[in-house]
Amino acid sequence: MTELLVTPKSLSHIKDLIKAGADAFVIGEQQFGLRLAGEFNREDLKAAIELIHANGKKAYVAVNGIFHNEHLDAVEDYMKYLHEVHPDAILFGDPAIVMYERELGNTIPLQWNQETLVTNHFQVNYWGERGANRAVLARELSLDEVLNIKAHSNVEIEVQVHGMTCMFQSKRQLLGNYFMYQDKVMKIENREIKDQMLLYDEERNNKYPIFEDGNGTHIMSPNDICVIEELEELIEAGIDAFKIDGVLHSEEYITTVTGAYRKALDLYEEDVEAYEDAKFDLIDMIEEIQPEHRPLDQGFLFKQTVY
């Protein structure tokens with residue numbers, strides 16, 4: 001059955017998500033992982049992995065940041081620590097992680113996650129030959145492209161089915177150096193609340209969540225992906241993991257959405273017709289808690305690709 005992968009915000013949230021039906025969790029530190037829903041320092045990380053394993057679930061640690069030479073000593077030390085706490089996999093984008101994992105004995109599986117670059121099965125299989133057992137597909141792919149990659153890949157395939165996605169990232173702190181002086185171009189709302197800032201595009205009437213952290217400036221999509229009504233082809237194709245990305249959402253929201261997708265997957269497993277009957281009620285349930293400025297759409301799954 002397809003794995004339901006979620007992004008917890010805290011240790012207590014993990015307990016709620018386990019009850020809601022999550023199968024696996026992405027956790028980590030901002031210093032090493034990109035756009036994490038919650039911050040787990042080393043002590044919390046150890047406790048989280050123990051809690052997740054005690055409940056028969058899987059813990060994946062994100063080490064998929066953009067690393068420069070001056071970061072590598074800290075990255076190497078972090079990789080050594082991960083081999084002490086034994087997560088089920090490490091997410092990576094930088095080839096340095098592959099080298100460190102080889103040096104440490106190749107005991108923790110790797111999952112290749114290089115955001116927008118994961119777009120074809122040649123790349124996926126290339127990294128599979130170098131230690132990755134899963135690839136996290138780019139969000140900008142159509143359904144046909146996703147199915148084609150799955151059909152020709154030798155590793156597990158993960159697809160995001162819910163939540164926002166990153167449109168732009170810069171290593172620079174742009175809010176201080178640029179946007180603050182460009183109010184006439186795009187206005188920033190909620191500037192005083194770090195995780196609720198919105199970049200407002202008056203021309204398109206879109207509000208883009210925007211935030212800064214140790215990895216720079218991130219501008220997120222104006223809509224949330226939601227494909228709870230369109231899971232059938234992905235399940236039948238054998239997609240290995242569905243991800244709910246909860247970055248910049250509340251714990252309550254993430255938990256409710258996780259419960260909805262759990263019900264959808266369980267219904268599909270038991271009776272496809274039951275899923276077909278229930279899926280519109282499930283989307284209505286999500287719509288009820290959806291933030292007003294975050295309309296739902298199906299991402300790029302049904303957009304036509306132009307070459």
Side-chain angles (χ1 to χ4, degrees), residues 1-7 23-24 26 34-35 58 60 62 64 88-95 97-98 109-169 220-245 247 257 261-262 264-265 267-269 272 275-276 279 282-283 296-307:
M1 190 172 180
T2 307
E3 176 184 274
L4 187 58
L5 175 65
V6 299
T7 57
D23 297 315
V26 176
L34 286 180
R35 292 176 288 278
K58 293 185 177 181
Y60 306 145
N64 59 335
D88 296 281
I90 294 171
L91 278 68
F92 80 99
D94 194 312
I97 304 305
V98 178
L110 298 175
Q111 298 180 354
W112 183 48
N113 179 12
Q114 213 164 24
E115 296 293 328
T116 56
L117 298 183
V118 189
T119 58
N120 63 75
H121 65 269
F122 298 103
Q123 296 168 303
V124 167
N125 291 334
Y126 175 89
W127 288 108
E129 293 167 1
R130 284 152 183 80
N133 73 344
R134 175 181 293 184
V136 181
L137 296 193
R139 288 74 169 168
E140 296 82 3
L141 295 172
S142 69
L143 178 61
D144 287 343
E145 289 168 327
V146 169
L147 299 183
N148 180 265
I149 292 172
K150 174 58 184 174
H152 295 92
S153 294
N154 301 323
V155 301
E156 294 179 0
I157 297 296
E158 177 188 312
V159 172
Q160 181 175 327
V161 294
H162 198 95
M164 65 182 73
T165 189
C166 185
M167 295 172 52
F168 170 86
Q169 178 189 353
M220 310 301 286
S221 59
N223 297 357
D224 274 334
I225 299 169
C226 179
V227 296
I228 198 167
E229 299 170 278
E230 306 288 350
L231 296 177
E232 184 169 357
E233 287 193 77
L234 294 169
I235 295 172
E236 290 302 316
I239 298 299
D240 301 277
F242 290 156
K243 182 181 182 183
I244 296 170
D245 196 325
V247 64
V257 169
Y261 277 86
R262 177 77 276 154
L265 289 172
L267 283 174
Y268 189 90
E269 185 78 6
V272 175
Y275 161 73
E276 293 292 338
K279 65 183 184 181
L282 294 174
I283 191 71
L296 298 173
D297 68 15
Q298 295 164 329
F300 285 78
L301 276 189
F302 299 101
K303 294 187 183 299
Q304 183 178 359
T305 303
V306 178
Y307 295 98

Exercise for the section: Taking ring-ring contact (aromatic ring centres under 6.0 Å, His included) as the test, write out the residues that go with Tyr261, two or more places apart. Expected result: His162
Practice task
Carefully, step by step, assess Val159 and Val227 under the rule side chain to side chain contact (heavy atoms under 4.5 Å, CB included).
Solution key: CA-CA 11 Å; Val159 172; Val227 296; over 6 Å; no
Exercise for the section: Please report the shortest heavy-atom distance between Gly299 and Ile225, naming the atom on each side. Expected result: CA-CG1, 4.1 Å
Completion exercise
Separation between CD (Glu236) and OG1 (Thr2), nearest 0.5 Å, reads 9.5 Å
Problem - Residue pair Asn113, Leu34: steps toward the side chain to side chain contact (heavy atoms under 4.5 Å, CB included) verdict - result: CA-CA 10 Å; Asn113 179 12; Leu34 286 180; over 6 Å; no
Practice task
Check whether any side-chain heavy atom of Thr7 sits under 4.5 Å from a side-chain heavy atom of Val247, and report yes or no.
Solution key: no
Problem - Audit row: Tyr60, Asp88, side chain to side chain contact (heavy atoms under 4.5 Å, CB included) steps and yes/no - result: CA-CA 6 Å; Tyr60 306 145; Asp88 296 281; 3.8 Å; yes
Practice task
Output all residues satisfying side-chain contact (heavy atoms from CB on, under 4.5 Å) with Asn223, sequence neighbours left out; order by chain, then residue number.
Solution key: Pro295, Asp297
Problem - Where Tyr126 and Arg130 come nearest, the two heavy atoms and their spacing - result: O-NH1, 3.0 Å
Fill in the blank from the handout: With sequence neighbours left out, the residues meeting side chain to side chain donor-acceptor pair (under 3.5 Å) with Lys279 are Glu276
Handout entry: Any residue meeting side-chain contact (heavy atoms from CB on, under 4.5 Å) with Gln114, in chain and number order, not counting sequence neighbours
Key = Trp112, Leu117, Val118
Handout entry: Backbone N/O of Gly93 and side chain of Asn64: donor-acceptor pair under 3.5 Å
Key = no
Completion exercise
To the nearest 0.5 Å, atom CD of Gln160 lies from atom CZ of Phe242 at 12.5 Å
Handout entry: Residues forming a side-chain contact (heavy atoms from CB on, under 4.5 Å) with Asn148, sequence neighbours excluded
Key = His121, His152
Handout entry: Residues which pass side-chain contact (heavy atoms from CB on, under 4.5 Å) with Thr116, listed by chain and number, not counting sequence neighbours
Key = Glu140
Practice task
For the residue pair Ile149 and Leu141, establish whether any side-chain heavy-atom pair is separated by less than 4.5 Å.
Solution key: yes
Handout entry: Candidates Asn133, Val155, Ile90 - the one meeting side-chain contact (heavy atoms from CB on, under 4.5 Å) with Gln111
Key = Asn133
Problem - Exam field: side chain Asp240 to backbone Ile157, donor-acceptor pair closer than 3.5 Å - result: yes
Handout entry: Expected output: side-chain Ser221 to main-chain Thr165 donor-acceptor under 3.5 Å
Key = yes
Handout entry: Spacing of CE belonging to Met1 relative to CD belonging to Glu269, to within rounding of 0.5 Å
Key = 5.0 Å
Practice task
To the nearest 0.5 angstrom, please state how far the SG atom of Cys166 sits from the CZ atom of Arg35.
Solution key: 3.5 Å
Exercise for the section: Evaluate the side-chain proximity of Pro222 to Met167: yes if any heavy-atom separation is below 4.5 Å, no if none is. Expected result: yes
Practice task
Look at the side chain of Asn125 and the backbone N and O of Asn154, then say whether any donor-acceptor pair between them is shorter than 3.5 Å.
Solution key: yes
Exercise for the section: Grab the two heavy atoms, one from Ala138 and one from Thr119, that are nearest each other, plus how far apart they are. Expected result: CB-CG2, 4.0 Å
Exercise for the section: For Tyr268, enumerate each residue passing the ring-ring contact (aromatic ring centres under 6.0 Å, His included) test, keeping only those at least two apart in sequence or located in another chain. Expected result: Tyr275
Handout entry: Within-4.5 Å side-chain heavy-atom neighbours: Ile235 and Leu265
Key = yes
Handout entry: Set of salt bridge (Lys or Arg N to Asp or Glu O under 4.0 Å) partners for Glu3, sequence neighbours left out
Key = Arg134
Handout entry: Partners passing salt bridge (Lys or Arg N to Asp or Glu O under 4.0 Å) against Asp94 (at least two apart in sequence or in another chain)
Key = none
Fill in the blank from the handout: Output for pair (Lys150 NZ, Leu137 CG), nearest 0.5 Å, gives 9.5 Å
Handout entry: Heavy-atom check, side chain of Val98 versus side chain of Trp127, under 4.5 Å
Key = yes
Practice task
Return the set of residues passing salt bridge (Lys or Arg N to Asp or Glu O under 4.0 Å) with Arg262 (not counting sequence neighbours), or none when no residue passes.
Solution key: Asp23, Asp266
Fill in the blank from the handout: Lys243 meets the salt bridge (Lys or Arg N to Asp or Glu O under 4.0 Å) criterion, sequence neighbours left out, with Asp245
Practice task
If a pair satisfies salt bridge (Lys or Arg N to Asp or Glu O under 4.0 Å) and one of its residues is in residues 224-234, list it, with sequence neighbours excluded.
Solution key: Asp224-Arg294
